[in-house]
2 protein chains.
Amino acid sequence: MKHQKLATIEDVAAIAGVSIATVSRALNAPTKVADETRRRVTTAVAQTGYTTNAMARSLRMRRSNMILILAPDVGDPNFSNILVGLETEASKRGYGILIGNTQNDPARETDYLRFISSNQADGLILFTGHLPYGFGSEGGETRLPPTVAVNEPLPNADVPFVGVDNIEGARVATEHLIAQGHRRIAFIGHSTAKAVNVLRERGYRAALAGANITVDPRLILDGDGTTESGRAATEHMFVRDVLPTAFLCVNDATALGVVISLNARKYDLPRQFSVMGFDDISFASFVTPSLTTMKQPRVKIGEKAMDLLLMLLGGEQPPETEILLRSELIVRNSVSRPDRN
Amino acid sequence: MKHQKLATIEDVAAIAGVSIATVSRALNAPTKVADETRRRVTTAVAQTGYTTNAMARSLRMRRSNMILILAPDVGDPNFSNILVGLETEASKRGYGILIGNTQNDPARETDYLRFISSNQADGLILFTGHLPYGFGSEGGETRLPPTVAVNEPLPNADVPFVGVDNIEGARVATEHLIAQGHRRIAFIGHSTAKAVNVLRERGYRAALAGANITVDPRLILDGDGTTESGRAATEHMFVRDVLPTAFLCVNDATALGVVISLNARKYDLPRQFSVMGFDDISFASFVTPSLTTMKQPRVKIGEKAMDLLLMLLGGEQPPETEILLRSELIVRNSVSRPDRN
DNA sequence: TTGAGCTATGTAAAGGTTTTCATTGCTCAT
DNA sequence: ATGAGCAATGAAAACCTTTACATAGCTCAA
């Protein structure tokens, strides 16, 4: 009783008085069947409430019309907005999306490969910044399906990438500070480990070079992109007593740490120090002072990435293998002209 | 060349020198096969890199081990944290997760039913607060699979619900204000349309009643839970010049609107007005003053909901059909003792 | 008139499992 | 010695499609 036995293609065929092959064609390649027959089929379909069994279809066609998305933290707001774009584009093209939260745990990454190796997903979107363990080049292991990397490019693999142009964005941000009159600009978030940090620092340096400002290595501080790292770097700066007039932070979370630290020291922002973030995550406008930052076109990143993946899936050779979208300068209240030199 | 032909159960059977039935049993019901045979099978599996084809299995078993999650806004931070819980629990039990972003669009909701009717998903988690159009009681339409509602209960359907205890939470929040000495407490976010609002208002009224404070209807203002509604309600209050000493807001977004409005009027918070939120969404700690609020156990909500759904899927009758989790009072800086009466 | 070519349809294979039912060879109680 | 009962396995059906191949009927040019 529970499973009121769904209508199959045979039921439809019987009612329409044709063979199941014809039903299939009427549904999937309407031009191949006579008008009158097609009409009979559609009527029968409506009558039975028939829907194609996706499992049988996938089994036969060897594709599932599903995309697996692997992300280290599904709860990350930066991720979830890109997800909106991914989902929109996928659903528009008849694809469904499967979500895997890896928590940077190699075991979980490997585990999720079962969706690939068992044909449950045709393509892969990676937010992790590396191939899941188990994809390597060694034989016998799961083959890499059509894949697109988002946010973090994959260092050692030849996988198309969609993300924001970090160099350009950081350059624009730095130029904004320079245009306000700042010359002593700190960079908070130096790291050789994270590609994003490396690139944004590169943009920072490019902007300084373009304005003929020599880089002061004492103004470049380590940071892993967390709020705490921003706080720590700022404190460190005061200990060493080498102070900038503006902070360019590798991201908003870091900028938040800087703001917290400066607020705690009772500085008046942005008068005494300017702070610039990157990403424009949701809280950026709620901090005091609200953060001037570079906004990532998150939804668009998602759409582009899915578009690229579906292209690969369709066998097309995509025009470009790296799509860099521009970020947008969002001017709020954490940056002003410097009150000193 | 593209599809290096995956190993099937037949390949394994051939190598192990047994029938495919035995291979299947060795993998799915190990006790049913002799030790020695099982060993041979596992060796053959390792050698070929065989993984069960999920499509074939699903077709045969009439279940996909997939759960469809339908949410109005996948980008909503409140949702994405619950998603973490859902994902964790599902993946622990061998289930995968399919995401659908409905944007409150009936057409999209209906469209996603194809996953159900085509057997691509065994169960359903609804964040939408209503059944998707097309499930109704009318015949010929898709049958409702095992379903659990999260966050928003379903008004007219007999579907288990998992969420926060809104009445209790709002009561605790209000009692906190009362304990600080407030007697004139406004409720921002009255609405008969949204269940969450109705329940939280009920908790507010219960707390007042418990403290023998009569409800002043002029202190209860409409709001749909947006930041803008909080701002508008506050302005409205000043126009009518009926002022509370504290604002209990239906959620953090509303509270943010209240704070923005009060800040704009140059009031000193929390000295002149206390503001209390609900939810503890990520920005709550970054606003100035940081929001005192009720924290929803989001990850746990997700886990419980998935647990309940998998119970239903397993044919068990769950012990309770409504699971209400307690929210936690998070004391920050937006509430203090009143400076007047 | 013939047959080439086309359209519309049907038959049957293939896709890879799980599981029912049947079979075989035991053990052990009678 | 006999047969009941059990453990281990295999053969084959069933799950529901899509599609290659075959067939039948037509049109139309030679």
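All values below were derived from every heavy atom in this structure, side-chain atoms included, with hydrogens, water molecules and symmetry-related copies excluded. Per chain, numbering begins at 1; letters A, B, ... match sequence-line order.
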Looking at [options], which one has an atom nearest to any side-chain atom of [X]?
| X | options | result |
| --- | --- | --- |
| A:Ile20 | C:dT9, D:dT9, D:dT17 | D:dT17 |
| B:Arg62 | D:dT19, C:dG16, D:dC16 | D:dC16 |
| B:Thr22 | C:dT18, D:dT17, D:dT9 | D:dT9 |
| B:Arg25 | D:dG10, C:dT17, C:dA14 | D:dG10 |
| A:Met61 | C:dT18, D:dT18, D:dT9 | D:dT18 |

B:Lys92/B:Glu303 salt bridge by N-O under 4.0 Å criterion
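Result for this pair is no, no salt bridge flagged.
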Does a side-chain N-to-carboxylate-O contact under 4.0 Å join A:Arg38 and A:Asp35?
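Looking at A:Asp35 together with A:Arg38, the answer is yes, because their closest N to O distance falls below 4.0 Å.
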By the 4.0 Å heavy-atom rule, please label [X] as base, sugar-phosphate, or nothing.
| X | result |
| --- | --- |
| A:Thr51 | sugar-phosphate |
| B:Thr37 | sugar-phosphate |
| A:Thr52 | sugar-phosphate |
| A:Ala34 | sugar-phosphate |
| B:Ser24 | base |

Where do A:Val74 and A:Phe79 come nearest, in terms of heavy atoms and distance?
O-CD2, 3.4 Å
Could you tell me the separation between the [atom1] atom of [X] and the [atom2] atom of [N], rounded to a whole number of Å?
| X | N | atom1 | atom2 | answer |
| --- | --- | --- | --- | --- |
| B:Arg63 | D:dA14 | CZ | P | 22 Å |
| B:Asn119 | D:dT17 | CG | P | 9 Å |
| B:Lys32 | D:dT9 | NZ | C1' | 12 Å |
| B:Ile9 | C:dT18 | CD1 | P | 5 Å |
| A:Leu59 | C:dA13 | CG | P | 17 Å |
| B:Leu6 | C:dT17 | CG | C1' | 14 Å |

Taking atom CG of B:Leu309 and atom CG of B:Leu124, what is their separation to the nearest 0.5 Å?
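Output value for this atom pair is 8.0 Å.
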Quick check on D:dC15: is either OP1 or OP2 less than 4.0 Å from any side-chain nitrogen or oxygen of A:Asn53?
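Checking D:dC15 against A:Asn53, no side-chain N or O comes under 4.0 Å of OP1 or OP2.
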Is the distance from OP1 or OP2 of C:dT18 to the nearest side-chain N or O of B:Arg57 less than 4.0 Å?
yes
Counting only heavy atoms not in A:Arg326 (residues, nucleotides, ligands), do more than 12 fall under 6.0 Å from its CZ?
no
